[in-house]
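Working notes for the structure below.
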Amino acid sequence: MKSRIEVVLERSLAAAREAGALLSDSTAAGTLEVPKDRSHGDLASNVALTMAKAERKAPRAIAEALVVHLDDPEGWVESADVAGPGFLNFRLTPRFWQTELAELSAADGLRVPDFGAGRRVQVEFVSANPTGPLTVGHGRNAVLGDTIARLLSGTGHEVHREYYFNNAGRQMKVLGESVRSRYLEEVGRPTEFPEDGYQGDYIREIAHSLVEEHADGLADHEGTAFRAAAEQAIFEEIRRTQDRLAIRFDLYFNEDVLYSTGAIEKVLAALDEKGFVDRREGAVWLRGEAVGLDKDRVLVKSSGEPAYRLPDIAYHENKLSRGFDEIVDILGADHIEENKEVRAGLAALGLAADRVRPVIYQFVTLTRNGEQVKMSTRRAEFVTLDDLLDEVGVDAVRFFFLSRKSDSHLDFDLELATKQSTDNPVYYVQYAHARIANLLAEAGRQGVELPDGAVAVEVLAPLDDADDFELIGQAAAYAEIVDLAARELEPHRVVFYLQDLAAGLHRYYNRHRILGDEAPGRIRARLAMLVVVRKVLAAGLDLLGVSAPDRM
RNA sequence: GCGCCAGUAGCUCAGGUGGAUAGAGCAACGGCCUUCUAAGCCGUAGGUCGAAGGUUCGAGUCCUUCCUGGCGCACCA
């Protein structure tokens, strides 16, 4: 929407230079934006302010010169005024807005610039250890990662979604022992529950199903048999939860592959060869000073087992070797240091560590009845993501998780979320969509000819109200918002945009009785406009993975 | 002690690379349905943008130093 006026601005600057009103070598690096206060016009530019120094002239004088030399052959600008310290405020013509809307109504009218064309991006998210059901915290990760993947796909990237399945570590061993203990308990054998074992009911359930299947036939088995059963059961549950959220992965990457293929040893050998490794106290250390970390870190424990960060480096080495241009890691705040170590390790190996782009999200705190609920998988004090989905619903959960920037803590008040779920902003946006759908249906019943597909500017000529133009302007901002959200990996921008657009629609809907208009041409033009607004709402909600219902 | 993130209305939060009188939702108060969905709209009230300095035409935004909260700083993942 800005591009037309940017052209006018460029032409006017050139004209002013030619006329000697401006120094010819000065560069204009101003911004063009929709002013917060609409009384300032439809678009405002601060070029005059940014040029003031180079021009050695008062900003207002520069702005005046631009108004005098305004070059607008297409007739987009209704008026250009100098305001405040030197802002240039443009009011645009009906023709401008009608043209804008006509373009939006075209089949590819909402197309977002394909800045990712030809780029392969991997998004790694969730990656929860299969030691228990997904928690509310995992939910934030899942929804954030999935939506970032959608944003990247929507901007032309070739996206690969991956779940790093951490099935090789000590925690899995503890998991197996926990199940074994519950199993022995149930078949009446003496047992001692592991001190750091997983205490959740789901462990008992897994043990119980093993008793049903094998009676006490497994009593003399080692933990590994139990571990495999637990891993499978929990993994299936994780997948079920993801299905509810419509989240799919292209690949579940198993950590143990890194062991079986020798990738871990190779990475260690390479680091060693380059002199980044130290051996002392029976362990193998990554030399912090040499790789840009503040302290040394253990790569291989004195027990001979790799510490978690070594397979993690090997995993990222594997990712890079698959030729991705960018690797997005969705990580909780507690993993930021680890990611730094991984990138330092990659850089030390001479690999493109700068292709790894972490998206850090702060923790979700959960409150119930005004009290904070502590979440810990191990102590079984958690609310599962499934519970949350049961209580609040998929659309509301997704929308809520996305409605804060990832850097902010997210406070999920369960009482509020359940009790006031109808106040959830997601319904506000969906309602705007349903309202338009309903209006179009009513128009159909009244025999009004409905616009279908691309609409010609001539058809839109009856649009003459400032409210019409404002709504068109809001709808036209879609591509720019999505573009920014995708570049910055910030889905919350889409959420806030949709809320603004929905507010604009509701306001418009209350002020104008569309079907009651005495001019049939204007009814058709306005319906065409609302068809576009509905299209934008549906596209935006789809990016968030939220449904756009026709009836509510 | 060190590092990262946050601190904006009573509550939950928005405020690209500095722009005009700092916004939204919820909560509060007052209005609007015989007419396309009131899950909506309109209005009122609510702020020393954690504090103090600094940078400049201009700072919620950038710099410095503090204060408060969260998360890290394991031979746990």
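Numbered from 1 within each chain, the chains take letters A, B, ... in sequence-line order.
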*Roughly, in whole Å, what's the span from CZ in R404(A) to P in rU8(B)?*
13 Å

*Hey, is the side chain of D334(A) pairing donor to acceptor with the base of rG72(B) inside 3.5 Å?*
no

*Classify the nucleic acid contact of F87(A) as base, sugar-phosphate or nothing, counting any heavy atom under 4.0 Å across all strands shown.*
base

*Scan A58(A) against the nucleic acid and name what it touches under 4.0 Å (heavy atoms): base, sugar-phosphate only, or nothing.*
nothing

_Using the rule given for side-chain hydrogen bond (donor to acceptor under 3.5 Å, both in side chains), can you reason through Y508(A) versus D468(A), listing the C-alpha separation, both sets of side-chain angles and the distance that settles it, and then say yes or no?_
CA-CA 8 Å; Y508(A) 187 91; D468(A) 295 321; 2.4 Å; yes

*Contact class for L515(A) (heavy atom, under 4.0 Å): base, sugar-phosphate, or nothing?*
base

*Base, sugar-phosphate, or nothing for R511(A), non-hydrogen atoms under 4.0 angstrom?*
nothing

_Mind checking if E488(A) touches a base, just sugar-phosphate, or nothing, with heavy atoms under 4.0 Å?_
nothing

*On a whole-Å scale, what distance lies between the P atoms belonging to rC32(B) and rG69(B)?*
48 Å

*Record whether the side chain of Y308(A) comes under 3.5 Å of the base of rA77(B) through a donor-acceptor pair of N or O atoms.*
yes

_Separation between the P atoms of rG58(B) and rU48(B), rounded to whole Å_ = 24 Å

*Determine the contact category for R435(A): base if any of its heavy atoms lies under 4.0 Å from a base atom, sugar-phosphate if only primed atoms, P, OP1 or OP2 are that close, otherwise nothing.*
sugar-phosphate

*Heavy atoms under 4.0 Å, any strand shown: does E281(A) hit a base, just sugar-phosphate, or nothing?*
base

*For atom P, what is the distance between rG40(B) and rG3(B), given to the nearest Å?*
47 Å

_Let's test your reading of the model: under 3.5 Å, does the base of rA20(B) pair with the side chain of N89(A) as donor and acceptor?_
yes

*Relative to F400(A), does R404(A) satisfy both conditions: NZ or CZ under 6.0 angstrom from the six-membered ring centre, and within 45 degrees of the ring's axis?*
yes

*Sugar-phosphate only, base, or nothing, as touched by A441(A) at under 4.0 Å among non-hydrogen atoms*: nothing

*Would you mind classifying the nucleic acid contact of A432(A) as base, sugar-phosphate or nothing, using non-hydrogen atoms under 4.0 angstrom?*
nothing

*asked:* Using a 6.0 Å distance limit plus a 45 degree cone around the ring axis, check whether R297(A) lies over the aromatic ring of W285(A).
replied: no

*Heavy atoms under 4.0 Å, any strand shown: does H506(A) hit a base, just sugar-phosphate, or nothing?*
sugar-phosphate

